[in-house]
Amino acid sequence: MNRKISRLALVVILCALPFSAKATMTDAEAIVLVQKMLEDNRSSTEIIETLMEDGRSLEDSTVLAVKTANGHAKTNLARVGICLAEDVTRAEKVGRACADVCEPDTQEVIESLIEGYVTGACNPPTYDYSSTPSGGGSVSPST
């Protein structure tokens with residue numbers, strides 16, 4: 001009986017190994033990674049998505065990146081985090097979390113970013129292709 005229990009426990013442990021193999025970075029390691037990515041001029045989207053792939057939520061990834069960055073990179077990371085949200089409620093949560101860690105003068109910018117999400121500023125531009133090109137003509141078969 002003990003042998004069956006031991007085997008069962010071993011099987012359970014072996015099955016659980018792939019799930020525990022993906023260790024998440026500590027905040028300190030993630031901050032170093034964000035700093036390196038910023039120095040390498042990586043996109044804000046890539047930075048936030050890398051943190052999310054490590055197991056952080058959109059809010060946590062965005063806040064960590066925003067806290068790490070300086071200047072325009074800070075507001076750009078907040079904008080990208082807000083735009084990555086799948087709905088208005090989530091965009092507001094991301095924006096509020098960023099506003100809590102930013103300087104007072106940046107909070108107004110973040111408020112406008114949240115409003116931008118609502119008004120469609122995160123959507124790619126659409127173009128009207130309904131017009132017909134003018135001019136031209138037929139091609140001569142003799143050439």
Side-chain angles (χ1 to χ4, degrees), residues 1-139 143:
M1 185 68 157
N2 282 340
R3 191 170 241 192
K4 286 184 180 181
I5 293 173
S6 296
R7 284 186 183 174
L8 179 62
L10 181 61
V11 168
V12 169
I13 290 170
L14 290 175
C15 289
L17 280 177
F19 298 110
S20 65
K22 185 179 187 231
T24 58
M25 292 181 279
T26 64
D27 283 351
E29 292 169 329
I31 288 169
V32 169
L33 176 66
V34 170
Q35 289 170 339
K36 176 74 172 124
M37 292 178 85
L38 287 168
E39 288 171 8
D40 293 343
N41 293 319
R42 302 300 262 291
S43 73
S44 296
T45 303
E46 186 178 359
I47 292 170
I48 293 173
E49 287 178 345
T50 298
L51 294 172
M52 289 172 61
E53 288 169 4
D54 189 54
R56 287 175 171 75
S57 69
L58 175 61
E59 292 88 354
D60 292 343
S61 298
T62 305
V63 167
L64 189 138
V66 166
K67 284 196 308 191
T68 304
N70 295 311
H72 293 294
K74 185 180 287 283
T75 54
N76 193 50
L77 285 160
R79 180 190 58 79
V80 168
I82 290 167
C83 286
L84 286 173
E86 64 273 353
D87 59 38
V88 175
T89 304
R90 186 101 185 261
E92 287 177 347
K93 285 182 183 177
V94 172
R96 301 276 177 256
C98 289
D100 289 344
V101 299
C102 289
E103 297 84 33
D105 58 328
T106 313
Q107 290 178 353
E108 189 173 311
V109 173
I110 292 174
E111 289 293 329
S112 69
L113 293 173
I114 295 169
E115 289 175 25
Y117 183 94
V118 173
T119 60
C122 293
N123 299 334
T126 56
Y127 299 99
D128 182 17
Y129 295 107
S130 62
S131 63
T132 308
S134 61
S138 60
V139 177
T143 54

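Ile47 and Arg42 make their closest contact through CD1-O, 4.0 Å (heavy atoms, listed as atom of the first residue, atom of the second, distance). When all heavy atoms of Ala78 and Val66 are compared, the pair lying nearest together is N-CG2, 3.7 Å. Of all non-hydrogen atoms in Val63 and Cys98, the two that sit nearest each other are CG2-N, 4.0 Å. Minimum interatomic distance between Cys122 and Tyr117 (heavy atoms only, all atoms of both residues): SG-CD1, 3.7 Å. For the pair Val94 and Ile82, the tightest heavy-atom approach, listed with the atom from each and the gap, is CG1-N, 3.8 Å. The shortest non-hydrogen separation linking Leu64 to Thr68 is O-OG1, 2.7 Å.
Put simply, the side chain of Thr75 gets close to the backbone of His72: a donor and an acceptor are under 3.5 Å apart.
With rounding to the nearest 0.5 Å, the separation of CG in Leu77 from NZ in Lys67 is 13.5 Å. In this structure, Leu38 CG and Asn76 CG are separated by 10.0 Å, a value rounded to the nearest 0.5 Å. With rounding to the nearest 0.5 Å, the separation of CG in Asp40 from CD in Gln35 is 12.0 Å. Rounding to the nearest 0.5 angstrom, the gap separating the NZ atom in Lys93 from the CG atom in Leu58 is 11.0 Å. Note that the CG atom of Asp54 and the CE atom of Met52 stand 11.5 Å from one another [nearest 0.5 Å]. One finds the CZ atom of Arg79 at 7.0 Å from the OG1 atom of Thr45 (value rounded to the nearest 0.5 Å).
By the 4.5 Å heavy-atom criterion applied to side chains, Thr50 and Glu46 are counted as neighbours. Counting heavy atoms from C-beta on, the side chains of Arg96 and Ile114 come closer than 4.5 Å. Within the 4.5 Å cutoff, the side chain of Glu59 has heavy atoms near those of the Arg90 side chain. Counting only heavy atoms from C-beta outward, the side chains of Asp27 and Arg56 approach each other to under 4.5 Å.
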Would Glu49 and Leu84 count as a side chain to side chain contact (heavy atoms under 4.5 Å, CB included) here? Give the steps.
CA-CA 9 Å; Glu49 287 178 345; Leu84 286 173; 4.1 Å; yes
